[in-house]
Amino acid sequence: MASTQCFLHHIALTTPTRTSSQRQAVSTKPNQVFCKAQKQVVKEDDANLVSRRLALTLLIGAAAVGSKVSPADAAYGEAANVFGKPKTNTDFLPYNGDGFKLSIPSKWNPSKEVEYPGQVLRYEDNFDATSNVTVMVTATDKKSITDYGSPEEFLSQVDYLLGKQAFFGQTDAEGGFDTNAVAVANILESSTPVVGGDQYYTLSVLTRTADGDEGGKHQLITATVKGGKLYICKAQAGDKRWFKGARRFVESTASSFSVA
């Protein structure tokens, strides 16, 4: 823009007029010199500006080439890992048993309590023993879990997993319980997945008692048959804790169970 203004200024000053040639020579020459000087200054300034920009560009380019993307650089919406190491899931620990494996919440501890026949493992929450996982392995003449019938029919044959009613007498408990009954079990969901070529049964059961203990218990049962053995994994939590975060741990534990 500066050179354009200079050009217009030069044309305006060198337009022929009716004055004497001497006055034209005197008045024109300095303006021409001034115009050339102005052009020269602008060119030098532009050259300096281009040089500075080029140097800055080269500096940034060199820094980009010399640097490497660090694992500590967080993507949008993610927390930065300032130590530069990949994150690991510390909420669960792998457990490899005799013929089976599963993931157990890292804050659950092993328990020596034996509740069921063939129990080979029991872990429970540090703060609430109602939240726990057990694994049972027993001999069977069945070739597949489907030989027990449907998932509901299978559950009826292992209903000891849900607990037995200890009270027998006359009662008309409220809350949807039958007469003389103080406990009830409702199957919320069942499925028949195939994992690694083995057929499994999974059931989600909500058990409730008339005393309203924990508001009931959510019990997730996973079972399969392999090598003449019936494998059962049962993970559970009280209804109150279920909706306060225990659900994720119970569901993840039950779904991680598989036979080798």
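Because only heavy atoms are used, hydrogens play no part in the values below, and waters and symmetry mates are left out as well, while side chains stay in. Keep in mind that this is a model prediction, so the values were computed, not measured.
At a threshold of 4.0 Å, the pair Arg241-Asp125 does not count as salt-bridged, since none of the basic side-chain nitrogens sits closer than that to a carboxylate oxygen.
The aromatic rings of Phe257 and Tyr200 lie perpendicular to each other, with more than 60° between the two planes, well past the 30° mark. Ring planes of Tyr123 and Tyr95: perpendicular class, angle over 60° (limits at 30 and 60°).
From Met136, atom CE reaches atom CD1 of Ile232 across 5.5 Å, with rounding to the nearest 0.5 Å.
Neither side chain, Thr202 nor Thr222, offers a donor N or O lying under 3.5 Å from an acceptor on the other.
The side-chain tip of Lys226 does not point at the ring of Tyr231 from less than 6.0 angstrom away and within 45° of straight on.
The minimum heavy-atom distance between Ser256 and Ser103, with the atom names listed, is OG-N, 2.8 Å. Among all heavy-atom pairs drawn from Arg122 and Ala129, the shortest one is NH2-O, 3.7 Å. Contact between Lys244 and Lys240 at its shortest, heavy atoms only, is CG-O, 3.3 Å. Counting all heavy atoms, side chain and backbone alike, Leu93 lies closest to Ser106 at CG-CB, 3.9 Å. The nearest pair of heavy atoms linking Pro105 to Phe92 is N-CD2, 3.7 Å. A pairwise comparison of heavy atoms in Leu161 and Tyr116 identifies O-OH, 3.3 Å as the closest pair.
Looking at residues two or more places apart in sequence or on another chain, you find a side-chain contact (heavy atoms from CB on, under 4.5 Å) between Thr207 and Leu162, Ala185, Val205, Lys217, Gln219.
In this structure the side chain of Val225 reaches within 4.5 angstrom of the side chain of Thr140, judged on heavy atoms. The shortest distance between side-chain heavy atoms of Arg248 and Trp242 does not fall below 4.5 Å. Looking only at side-chain heavy atoms (C-beta outward), Thr134 and Glu115 come within less than 4.5 Å of each other. Side-chain contact between Val184 and Asn186 is present, with at least one heavy-atom pair separated by less than 4.5 Å.
Counted within 6.0 Å of CG on Asp98, heavy atoms from surrounding residues, nucleotides or ligands total 12 or fewer; the atom is thus considered open. In this structure, Lys142 places its NZ atom where more than 12 heavy-atom neighbours from other residues, nucleotides or ligands lie under 6.0 Å away.
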Q: Any chance you could lay out the side-chain contact (heavy atoms from CB on, under 4.5 Å) test for Ile104 and Leu121, step after step, and finish with the verdict?
A: CA-CA 11 Å; Ile104 299 176; Leu121 175 145; 4.2 Å; yes
List the steps and the verdict of side-chain hydrogen bond (donor to acceptor under 3.5 Å, both in side chains) for Ser190 and Glu152.
CA-CA 8 Å; Ser190 65; Glu152 292 76 15; 2.9 Å; yes
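Ring to ring, Tyr148 and Tyr201 are not that close: their centroids are 6.0 angstrom or more apart.
At distances below 3.5 Å, not a single donor-acceptor pair connects side-chain atoms of Ser144 with backbone N or O atoms of Asp147.
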